[in-house]
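Predicted model only: the values in this text are computed from it and were never measured.
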Amino acid sequence: MIFFWFFYYLILIFICYALSNLIQNKFIKYFLIPIVFGLFGSIWYLEPGKDEIAPTISILFLELSIIESNGIERLLRPIISLIFFLELISLIYYFTHKRFSKS
């Protein structure tokens with residue numbers, strides 16, 4: 001299972017790196033990359049009360065396609081929390097880097 005998570009995040013980091021090379025505008029780059037990483041990088045429990053975890057986006061697709069739902073809100077919380085945290089770090093880095101690089 002460790003190999004899956006290692007390769008999953010390695011591929012995700014490579015995708016974010018490739019996306020950052022495609023985007024020319026620095027502000028959009030610092031704004032979009034944390035959203036992509038937060039959307040695909042967040043993990044959560046497959047079912048409430050179980051120990052198995054999976055990427056949240058895959059569980060979200062599963063929840064939208066089945067009849068018996070465990071609640072989409074439980075999946076949106078980790079996604080939104082991780083995106084908010086990464087956006088905050090990214091924007092702080094962007095503005096401090098912009099401030100100190102001009103002086």
Side-chain angles (χ1 to χ4, degrees):
M1 196 65 165
I2 291 291
F3 290 118
F4 168 77
W5 289 111
F6 176 75
F7 286 117
Y8 181 79
Y9 279 105
L10 188 68
I11 291 170
L12 182 61
I13 289 170
F14 176 73
I15 290 171
C16 289
Y17 176 74
L19 187 62
S20 71
N21 286 338
L22 289 174
I23 300 172
Q24 299 300 324
N25 189 338
K26 284 189 178 186
F27 182 75
I28 293 175
K29 184 186 299 188
Y30 283 103
F31 182 73
L32 185 64
I33 299 302
I35 291 175
V36 171
F37 194 84
L39 188 64
F40 292 103
S42 62
I43 57 173
W44 201 244
Y45 298 101
L46 284 173
E47 295 177 19
K50 301 285 183 175
D51 290 335
E52 301 148 343
I53 58 174
T56 309
I57 194 75
S58 65
I59 303 170
L60 187 63
F61 286 139
L62 180 66
E63 286 289 326
L64 293 174
S65 67
I66 60 175
I67 296 173
E68 183 182 332
S69 177
N70 289 323
I72 295 176
E73 298 84 19
R74 72 180 184 96
L75 302 171
L76 293 179
R77 283 188 299 241
I79 291 174
I80 292 171
S81 299
L82 186 61
I83 289 173
F84 178 74
F85 179 69
L86 292 174
E87 283 292 337
L88 189 64
I89 290 173
S90 177
L91 291 176
I92 288 171
Y93 178 77
Y94 172 75
F95 287 122
T96 56
H97 185 72
K98 183 179 175 182
R99 180 184 204 189
F100 291 123
S101 66
K102 288 199 175 194
S103 338

Honestly curious: do [X] and [Y] fall in one hydrophobic cluster under the side-chain, below-4.5 Å linking rule?
| X | Y | result |
| --- | --- | --- |
| Y94 | I83 | no |
| L64 | W44 | yes |
| L91 | V36 | no |
| I11 | I43 | no |
| L46 | L75 | yes |

ask   = Between Y8 and W5, what is the ring plane arrangement, given parallel below 30°, perpendicular above 60°, and tilted in between?
value = perpendicular
query = Would you say S90's side chain and L86's backbone share a donor-acceptor pair under 3.5 angstrom?
reply =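 Pair absent, no side-chain N/O of S90 close to backbone of L86.
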ask   = Hey, does the side chain of T56 reach the backbone of S42 with a donor-acceptor pair shorter than 3.5 angstrom?
value =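 Here the side-chain-to-backbone pair exists.
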task = May I have the step-by-step check of side chain to side chain contact (heavy atoms under 4.5 Å, CB included) for L88 and F85, ending in yes or no?
result = CA-CA 5 Å; L88 189 64; F85 179 69; 5.5 Å; no
So how far is it from [X] [atom1] to [Y] [atom2], rounded to the nearest 0.5 Å?
| X | Y | atom1 | atom2 | value |
| --- | --- | --- | --- | --- |
| I53 | I59 | CD1 | CD1 | 9.0 Å |
| I72 | R77 | CD1 | CZ | 12.5 Å |
| L10 | F6 | CG | CZ | 5.0 Å |
| Y30 | I89 | OH | CD1 | 13.5 Å |

query = Do other residues, nucleotides or ligands put more than 12 heavy atoms under 6.0 Å from F4 CZ?
reply = yes
message = Other residues, nucleotides and ligands only: do more than 12 of their heavy atoms fall within 6.0 Å of CG on N25?
response =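 Yes, CG of N25 has more than 12 neighbouring heavy atoms, counting only those of other groups under 6.0 Å.
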query = Can you name the one residue among N21, L19, I15 that meets side chain to side chain contact (heavy atoms under 4.5 Å, CB included) with Y17?
reply =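 When side chain to side chain contact (heavy atoms under 4.5 Å, CB included) is applied between Y17 and each of N21, L19, I15, only N21 qualifies.
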Which atom pair, heavy atoms only, marks the closest approach of [X] to [Y]?
| X | Y | value |
| --- | --- | --- |
| L82 | G41 | CD2-C, 4.0 Å |
| S20 | K29 | O-CE, 3.0 Å |
| I57 | F40 | CG2-CD2, 3.8 Å |

key: Student check: side-chain heavy atoms of R74 and E63 closer than 4.5 Å   = yes
